[in-house]
Amino acid sequence: VEQLRIINPRVICALGRIAGQTLLRTKAPLSRLRGKVHDYQGIKLIVTYHPAALLRYPQYKRATWEDMQLLRRVYDEVKGG
C-alpha cells in the first residue's frame, strides 16, 4: 500500500487471481474479476491472467489481449488522451 502511494499510478494491472483478490479484498474467482474496471483506493484496477497461466494455457492469450486493450482504453481515458 505504501509503495502504491509513493508511485501514485494512474491505473493498476493485477496479474493473476491472487493479486486481484488481495488488492480488492475479495474471494471472487478470476472469471468474475476479469473484464471489468475495479476501484482500488481511487485508482482504476484491471485484473488479468498471470503470465505463468499463459504459458500453461495458451488459449488464455485472446482473453488477456482483450484485457490489455481495456487497460489501454482506461489509461488513455485517465491520462486525458
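Because only heavy atoms are used, hydrogens play no part in the values below, and waters and symmetry mates are left out as well, while side chains stay in. All figures in this text were calculated on a predicted structure; none of them were measured in a lab.
Counting all heavy atoms, side chain and backbone alike, M68 lies closest to C13 at CE-SG, 3.7 Å.
Formation of a donor-acceptor pair under 3.5 Å by the H38 side chain with backbone atoms of L24 is not found in this model.
In the hydrophobic clustering of this structure, I18 does not group with L30; members are Ile, Leu, Val, Met, Phe, Trp, Tyr whose side-chain heavy atoms approach within less than 4.5 Å, directly or through other members.
Within a 6.0 Å sphere centred on CZ of R34, heavy atoms belonging to other residues, nucleotides or ligands number more than 12.
L70 contributes atom CG, which lies 10.0 Å from atom CD of E66 (distance to the nearest 0.5 angstrom). If you take CG on L23 and CG on L33, they are separated by 10.5 Å, rounding to the nearest 0.5 Å. With rounding to the nearest 0.5 Å, the separation of CZ in R17 from NZ in K27 is 9.0 Å. Between Q69 atom CD and R73 atom CZ the span is 6.5 Å, to the nearest 0.5 Å.
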Under 3.5 Å, which donor-acceptor pairs do the side chains of residues 40-60 form with other protein atoms, sequence neighbours left out?
{"from": "T48", "atom 1": "OG1", "to": "D67", "atom 2": "OD2", "distance (Å)": "2.5"}
{"from": "H50", "atom 1": "ND1", "to": "A52", "atom 2": "N", "distance (Å)": "2.9"}

